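Counting starts at 1 for both ligands and their atoms, in listed order. These figures come from a predicted structure and were not determined experimentally.
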Amino acid sequence: MDSQEVDILIIGAGPSGCVAAGYLQQKGIRIKVVEKSKFPRMVVGESLIPRVMDNFQEAGLLEALDAYGFEKKRGAEFIRGEVFSVFDFSDKFGEGWDWTWQAPRADFDLVMTQELQRKGVDIQFETSVTNIHFENGYSTTTVEANTGTRTQIKAKFVIDASGYGRVLPRLLGLDKKSQLNPHSAIFTHVKDINRPQGKKGTQISFDVLDTEVWLWVIPFSNGLTSLGLVADTTFIEQLKGEKGTAEALRKAIQLSDFYVQRFADTVFEFEPVHLKNYSSAVTQMYGNGYALTGNSAEFLDPVFSSGVCFATESGILSAKLAHRQLLGETIDWQLEYADYMQRGIDVFTTYVREWYTGNLQTLFFHRPENPEVKRKICAVLAGYVWNEENPFVKKHDRVIRTMAYMLENNYPFSSDVFD
Ligand code: FAD
């Protein structure tokens with residue numbers, strides 16, 4: 001078997017692996033990325049949130065992504081019946097980016113990997129990790145190319161950014177059941193021939209059909225639109241019945257007053273994909289010689305588009321810490337990595353959970369709107385979930401529940417109750 005030696009091995013070339021690689025390449029570290037697929041490859045996760053821009057910038061990928069011309073996302077629209085709740089990222093609490101992109105991930109991830117390769121990063125596509133062995137923090141990873149060739153890669157540190165592949169959680173037995181209720185999704189892309197002109201046509205929107213059932217519409221700059229249905233797993237199974245995913249998605253579109261005309265006769269670009277019980281977690285996010293990032297560590301739910309934000313935040317942070325470790329520093333991975341990431345996960349977990357209890361929907365759809373509450377929630381939706389100056393971050397565990405209770409019981413209501 002061939003062998004190779006690098007400082008840091010990165011598993012997976014999704015957003016998490018790419019930002020880690022971009023950061024480390026700028027620091028002159030010997031890295032290698034192994035990626036199972038051939039790019040472009042299809043993956044879900046097309047609506048980004050502004051916090052990712054900080055991470056793409058630090059990884060040196062922002063310029064290349066910007067040059068491509070992906071659709072700019074400046075906010076999002078949530079719809080329930082006749083009520084529209086529109087969040088504009090330029091009107092949020094605190095500092096931070098006020099736009100990002102909504103993009104087909106096949107193209108988006110391809111742009112990132114091409115930029116990394118242009119800068120000299122060694123990315124080996126169509127190559128899977130099949131085994132890993134750690135000794136005193138040093139690792140030996142066995143990879144297998146789809147030609148059948150096997151290689152052993154020795155590395156001082158491994159960043160597992162393998163997403164749904166969850167390479168190290170599986171090999172090291174670190175998988176843990178998510179605390180969230182099981183949800184599933186069905187999605188496809190369509191030629192959006194009835195897309196309204198202007199901002200209305202390019203705005204991302206979510207139609208809430210029932211407390212736990214919602215549709216997403218994510219228009220792309222190439223004329224295609226991503227169309228998805230999310231619901232608890234039993235509901236999706238019932239809707240699918242014997243007839244399959246296409247029939248289930250069509251039935252859901254019929255339930256949406258807002259989308260039915262635009263998508264009633266739409267042609268699906270591919271047989272809608274059914275992703276079941278996608279939430280996942282791990283027992284530990286790091287170990288001696290490795291860190292888990294992105295979906296390999298944790299995935300909650302698509303409702304607030306937090307996936308790529310978490311993937312890039314953990315990708316860049318793990319790269320920074322691994323770099324410092326290579327330079328001889330002792331890193332407290334629990335404090336600087338796991339605890340930091342967990343704070344963001346906890347905030348998003350509360351928002352996801354309170355969305356599905358209906359409490360957050362009470363805040364979104366109550367009229368008249370409270371602009372201060374909205375600005376603070378908007379900062380969370382933009383991904384600034386580590387800014388504890390925002391009471392909707394710092395006191396996330398009670399603010400939504402309490403405010404929903406106050407609204408439902410007609411108590412006098414002010415946003416600064418929690419300041
Ligand atoms: P990935 O993007 O999955 O990349 C991991 C890479 O690792 C892949 O290219 C894979 O081929 C490679 N790999 C896997 N196994 C191996 C192996 N053995 N060896 C080598 N390489 C390997 N997020 C958002 O931000 N916005 C959204 O709108 C959104 N919508 C979603 C909708 C649904 C229904 C679901 C389930 C998720 C959604 N997400 C969304 C989440 C998003 O898909 C992920 O959080 C994001 O892609 C994670 O990035 P990553 O880099 O960790 O992993």
Side-chain angles (χ1 to χ4, degrees), residues 9-21 32-52 55 73 76 100-106 108-110 112-113 123-132 141-146 153 158-171 178 180 183-188 204 206 214-218 226-231 236 272-280 292-316 318 348 381 383:
L9 174 69
I10 299 169
I11 309 173
S16 199
C18 283
V19 294
K32 181 179 181 78
V33 182
V34 283
E35 165 56 54
K36 185 168 140 184
S37 322
K38 179 179 179 188
F39 278 26
R41 59 89 176 85
M42 179 79 193
V43 68
V44 71
E46 300 147 330
S47 156
L48 308 186
I49 54 177
R51 173 64 189 165
V52 301
N55 298 327
K73 174 182 170 188
T100 181
W101 293 289
Q102 51 208 54
R105 283 282 304 283
F108 194 84
D109 292 11
L110 179 66
M112 286 192 290
T113 51
I123 307 180
Q124 191 172 329
F125 288 98
E126 299 186 88
T127 302
S128 287
V129 168
T130 56
N131 202 2
I132 193 157
T141 304
T142 309
V143 301
E144 187 169 330
N146 69 348
I153 305 171
V158 177
I159 294 178
D160 178 13
S162 60
Y164 303 100
R166 299 174 68 78
V167 170
L168 290 196
R170 286 186 211 279
L171 289 174
S178 168
L180 295 166
H183 282 87
S184 299
I186 292 180
F187 87 105
T188 186
I204 285 193
F206 305 93
W214 54 278
L215 283 164
W216 81 62
V217 164
I218 306 173
S226 173
L227 193 55
L229 166 71
V230 177
I236 295 248
V273 177
H274 185 185
L275 298 169
K276 289 185 203 173
N277 303 332
Y278 39 64
S279 306
S280 56
L292 311 180
T293 68
N295 268 36
S296 182
E298 178 98 27
F299 178 65
L300 300 172
D301 192 89
V303 66
F304 299 122
S305 305
S306 58
V308 174
C309 175
F310 177 74
T312 56
E313 193 83 18
S314 54
I316 205 112
S318 65
F348 273 127
L381 302 192

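At least one side-chain heavy atom of H274 sits under 4.5 Å from a side-chain heavy atom of S184. Using a 4.5 Å heavy-atom cutoff, the side chains of V52 and P15 are not in contact. You'll find the side chain of L292 reaches within 4.5 Å of the side chain of P169, heavy atoms only. Residues R105 and V308 are in side-chain contact: their nearest non-hydrogen atoms beyond the backbone lie under 4.5 Å apart. In this structure, V303 and V230 have side chains that are not in contact, with every pair of non-hydrogen atoms separated by 4.5 Å or more.
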Checklist line | side chain to side chain contact (heavy atoms under 4.5 Å, CB included) between L275 and F187, worked out | finding: CA-CA 8 Å; L275 298 169; F187 87 105; 4.1 Å; yes

Item checked: Residue pair E144, T130: steps toward the side chain to side chain donor-acceptor pair (under 3.5 Å) verdict -> CA-CA 7 Å; E144 187 169 330; T130 56; 4.9 Å; no

Notebook entry, point to check: Given F39 and F125, is the ring pair (Phe, Tyr, Trp, His ring centres under 6.0 Å) satisfied, shown in steps?
Noted result: CA-CA 8 Å; F39 278 26; F125 288 98; 5.1 Å; yes

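By the 3.5 Å distance cut-off applied to N or O atoms, S37 is counted among the residues near ligand 1. Between E35 and ligand 1, an N or O atom pair is found at a separation short of 3.5 Å. Between S16 and ligand 1, an N or O atom pair is found at a separation short of 3.5 Å.
Nearest-heavy-atom check against atom 35 (C) of ligand 1 across T130, V44, L171 picks out V44. The residue among A103, G45, S306 with a heavy atom at the shortest distance from atom 29 (C) of ligand 1 is G45. Among P15, G163, C18, G307, the residue whose heavy atom sits closest to atom 23 (N) of ligand 1 is G307. Comparing heavy-atom distances from atom 2 (O) of ligand 1 across R105, K276, H183, R166 singles out R105 as nearest.
Using a distance-only test at 3.5 Å, with no hydrogens or angles considered, no donor-acceptor pair links the side chain of S296 to the main chain of A161. Judged by distance alone, with hydrogens and angles left aside, the side-chain atoms of S280 form no donor-acceptor pair with the main-chain N or O of E298 at under 3.5 Å.
Shortest contact from atom 49 (O) of ligand 1 to any protein heavy atom: A311 CB, 3.6 Å. Of the protein's non-hydrogen atoms, the one nearest atom 4 (O) of ligand 1 is G14 CA, 3.5 Å. Nearest protein heavy-atom contact of atom 25 (O) of ligand 1 is V308 N, 2.8 Å. If you check which protein heavy atom lies closest to atom 22 (C) of ligand 1, you get K36 CB, 3.5 Å. Scanning all protein heavy atoms for the shortest distance to atom 17 (C) of ligand 1 gives V167 CG2, 3.5 Å. Scanning the protein heavy atoms around atom 13 (N) of ligand 1, the nearest turns out to be S162 O, 3.8 Å. Among all non-hydrogen protein atoms, the one lying nearest atom 42 (C) of ligand 1 is Y164 OH, 3.5 Å. Atom 52 (O) of ligand 1 has its closest protein heavy atom at N295 N, 3.0 Å.
Residue-level proximity to ligand 1 for I49 is absent, since no heavy atom of it falls below 4.0 angstrom. Contacts with ligand 1 closer than 4.0 Å are made by heavy atoms of both the backbone and the side chain of S47. Under 4.0 angstrom from ligand 1, the non-hydrogen atoms of F299 all belong to its side chain.
In the vicinity of V129, heavy-atom distances shorter than 4.0 Å reach the ligand 1 atoms 17 (C), 18 (N), 19 (N). Close contacts between ligand 1 and A161 involve ligand atoms 5 (C), 6 (C), 7 (O) [criterion: under 4.0 Å to a heavy atom]. Of all atoms in ligand 1, listed by their number and element, those nearer than 4.0 Å to a heavy atom of S128 are 19 (N). Each of the atoms 19 (N), 20 (C) of ligand 1 lies under 4.0 Å from some heavy atom of I11. Listed by number with element, the atoms of ligand 1 under 4.0 angstrom from any heavy atom of R41 are 2 (O), 4 (O), 8 (C), 9 (O). Using a 4.0 Å cut-off to heavy atoms of P302, the atoms of ligand 1 that qualify are 30 (N), 31 (C), 32 (C), 33 (C), 34 (C). Near G294, meaning under 4.0 Å from one of its heavy atoms, ligand 1 places the atoms 52 (O). Contact atoms of ligand 1 toward Y278: 36 (C) (distance under 4.0 Å to a heavy atom of the residue).
Defined by atom type and a distance below 3.5 Å, a donor-acceptor pair is missing between the side-chain atoms of T293 and S318.
Residues S305 and K73 approach most closely at OG-NZ, 4.2 Å, considering heavy atoms. The heavy-atom pair separating S16 from A311 by the smallest distance is OG-O, 2.7 Å.
A distance of 9.5 Å separates SG in C309 from CG in L48, rounded to the nearest 0.5 Å.
With ring centers used as reference points, F299 lies under 6.0 Å from Y278.
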